[in-house]
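Below you'll find the structure, written out as structure tokens, and then a few comments.
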Amino acid sequence: MTATTGAYRAAYEASAANPEAFWMNAAEAIDWITDPTSALDDSGAPVYRWFPGAELNTCFNAVDRHVLAGRGDQTAVIYDSAMTGVKDRFTYSELLDEVKAFAGVLVDQGVTKGDRVIIYLPMIPQAIIAMLACARIGAVHSVVFGGFAANELAVRIDDATPTVLVTASGGLEPGRTVEYLPMVAEALSLSKGSIHTVIVKERRNVPGTIKTYNGVNDVTWLDWDDAAAKVTPADCVPVLATDPLYVLYTSGTTGKPKGIMRDNGGHAVALTWSMANIYNIKPGEVMWAASDVGWVVGHSYIVYAPLLAGATTVIYEGKPVGTPDAGAFWRIVDEYKVRALFTAPTALRAIRRVDPELKELARYDVTSMHTLFMAGERLDTETLEWASEGLKIPVVDHWWQTETGWAITANLRGIETLPIKPGSSTVPVPGYKVEVVDGKGNHVAAGEEGNIVIKLPMPPGTLAGLWGRPDGYQKAYLEAFPGYYATGDSGYLDEDGYVFVMGRTDDVINVAGHRLSTGQLEEALAHHPDVAECAVIGVKDELKGQRASGFVTLKAGVDRNHDEICTELVKLVRDKVGPVAAFRDVLVLERLPKTRSGKILRKTMRQIVDGEDFVVPPTIEDISVLEDLTVALVGNPEPMKPA
Ligand code: COA
Ligand code: AMP
């Protein structure tokens, strides 16, 4: 099945032949309170657990142990805000002091092991400190991305039922200040009321103070700095390897997000292994994931993995372009001697659009950088070639999901650098058995596209379940193809075992590397009093990979101006879902194309918008609706016939 023969192949085969020995060996990199006696627990198959009975503390492994090992003066976190010009550094000792103090604040607020804490923070060091403080006391954090609106925050609050919410006065986006406190207050009034305390980091550059809010929603509002100044620092609490570390919500096929639950032990082992073997980063070296702590990439490679490995991480508040220019990324690489940069293709496309000849690069010394890692969406060949030629280093595409928490396929720079094939995220990472099947679960030939599935068990670090839905994991991921985890992605394997991920098989779309559900956007549109029916599809976008495009029909008797309604719909999505949806296109139609059983033909609509060949489904209800849609979108329809 594969042409690879060297060190990668040997590592992959070792992981497949004896996963128990492979992962027990990897577990030696972790400081355990109670050592694991076995790696895999298959007693609950098809849901597997890793390192049963073992105990550890993730925060101890990410911070304390490096200080105890005498590396307290090494930089752990570099903060660089292109938005404010503020730069800061925290050594491991300083990070430990901050984390201990904030853990003490949480304990003072009654947070104990297993309790949930919502973290709604911009890209400031307090995001890392708050996450580690939760891990320290065994609390389960749930970070919500700052680009989501109050309603999305409320949905997550009600699902995770936290007692404490940690936030800041606000965040900064180019040209505007995002005030968090009014949004938090609104989310609290929309939610069912599990939260009793809100802790606020007041930022000098962003207005907003707890003084305005105290007493609002019957909640205590505390100032982070005041509370941390007078607290008893908290020590690490032992947790089971199988206890949850965090819940991170991600978009599924419905409007309701899924709470992906990550354990402590498997996560620490897998991420530590990945730093040496995938990213080739050693203690003391600098890794920069130019993402956001609100996404899984941020959880794993801004926060946990670099710190577990004793490396230095960068938290950057800014954009790839416009803050102030398209040299922003190269400045950071030069200034902090970044060895591995991790970003999304959309960020590179943004740089390329402004600086196609990479003129800004010449102003900086980026020789420290040995690899550019890409993920979050498909890496198009043009962007890959442009970046490889410009930077003259390997540009490594790797594929993963919130659910897996770390890469499923990659070019493992710490083991063996394999040839790069444009369009492919390279080969399965040891521990992942990646296969491609048709709709009935039959394997397809090399080169043939199908559903990408992963044979169970998946390696440590992958999701432990869905928060609050005991059977949710099985139903959503394990039932479609028994014995396999369904990734929801389609693609193929080539003759050499390289994996090509082509797109989603469900209604999940990917806008600027941000995962969104069309169902979530449709729910928002359906709130408009004039809307009868709606459909949202993901269409191709040159910069953002995909963008959401909405189609609505109006209730009988509504004869208002369509432009006005569309403006209201765009605002509605922004207010309900958030600016991150980047929702701008919406069209009013007479009717939506449907099958005879009433299913909206979203795929056909997308193919029409994207200019792809399409087959008119034989089950179409009324072909003239599709013809009208084609006229509205692209003009000239060819005569259509059902297949
Ligand atoms: N808080 C509040 N608003 C936010 C936000 C945040 N944390 N992040 C984004 N937004 C807002 C933006 O300001 C923008 O608002 P606007 O409509 O008022 O302009 C809107 O959400 C859409 O944002 P985005 O799609 O990110 O577009 P952009 O034009 O601001 O930036 C890129 C474009 C390509 C530079 C940016 O999307 C990017 O860097 N993407 C990389 C994504 C990434 O790292 N993903 C993680 C996977 S590795
Ligand atoms: P998220 O859970 O937000 O990380 O999004 C995961 C989804 O993003 C995957 O299921 C893919 O559809 C897409 N994705 C992530 N990385 C890649 C990649 N390297 N190539 C193609 N698609 C990717």
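For ligands, and for the atoms within them, numbers begin at 1 and follow the listed sequence.
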Quiz prompt | Check: Glu403 N/O within less than 3.5 Å of ligand 2 N/O | solution = no
Practice problem: With heavy atoms of Asp397 as the reference, note each atom of ligand 2 found under 4.0 Å away. | Solution: 18 (C), 19 (N)
Quiz item: What part of Ala289 sits under 4.0 Å from ligand 1 if we count only heavy atoms: the side chain, the backbone, both or neither?
Solution: neither
Exercise. Output the list of atoms in ligand 2 that are nearer than 4.0 Å to some heavy atom of Val501, sorted by atom number.
Key: 21 (C), 22 (N)
Quiz item: Mind checking whether His398 and Tyr279 have ring centres under 6.0 Å apart?
Solution: yes
Quiz prompt | ligand 2 atoms in contact with Asn510 (distance to a heavy atom under 4.0 Å) | solution = 8 (O), 13 (C)
Quiz item: Are any of the N or O atoms of Lys319 closer than 3.5 Å to those of ligand 1?
Solution: yes
Quiz item: Is Trp295 close to ligand 1, meaning an N/O of one under 3.5 Å from an N/O of the other?
Solution: no
Quiz item: For ligand 1, is any non-hydrogen atom under 4.0 Å from Pro320's backbone (N, CA, C, O), its side chain (CB onward), both, or neither?
Solution: side chain
Quiz item: Between Pro579 and ligand 1, does any nitrogen or oxygen pair lie at a separation below 3.5 Å?
Solution: yes
Quiz item: Of Pro122, Gly322, Ala149, Gly146, which has the heavy atom at the shortest distance from atom 2 (C) of ligand 1?
Solution: Gly146
Quiz item: Counting heavy atoms only, which of Val508, Thr409, Thr402, Val296 comes nearest to atom 2 (O) of ligand 2?
Solution: Thr402
Quiz item: Hey, which atoms in ligand 1 end up nearer than 4.0 Å to a heavy atom of Gly147?
Solution: 1 (N), 2 (C), 3 (N), 4 (C), 5 (C), 6 (C), 7 (N)
Practice problem: Output the list of atoms in ligand 2 that are nearer than 4.0 Å to some heavy atom of Asp489, sorted by atom number. | Solution: 9 (C), 10 (O), 11 (C), 12 (O)
Exercise. Mark up the atoms of ligand 2 that fall under 4.0 Å of a heavy atom belonging to Arg378, in ascending order.
Key: 20 (N), 21 (C), 22 (N)
Quiz item: Do any nitrogen or oxygen atoms of Arg584 come within less than 3.5 Å of a nitrogen or oxygen of ligand 1?
Solution: yes
Quiz item: Under 4.0 Å from ligand 1, counting heavy atoms only, is it the side chain of Val297, its backbone, both or neither?
Solution: side chain
Exercise. Give the contacting part of Met123 toward ligand 1: side chain, backbone, both or neither, where contact means a heavy-atom distance below 4.0 Å.
Key: neither
Quiz item: N/O of Thr487 under 3.5 Å from N/O of ligand 2, yes or no?
Solution: no
Quiz prompt | Heavy atom of Gly488, distance to ligand 2 below 4.0 Å | solution = no
Quiz item: Given Met502, Glu377, Met374, which one has a non-hydrogen atom that is nearest to atom 23 (C) of ligand 2?
Solution: Glu377
Quiz item: Within the structure, does Arg176 bring an N/O atom to less than 3.5 angstrom of an N/O atom in ligand 1?
Solution: yes
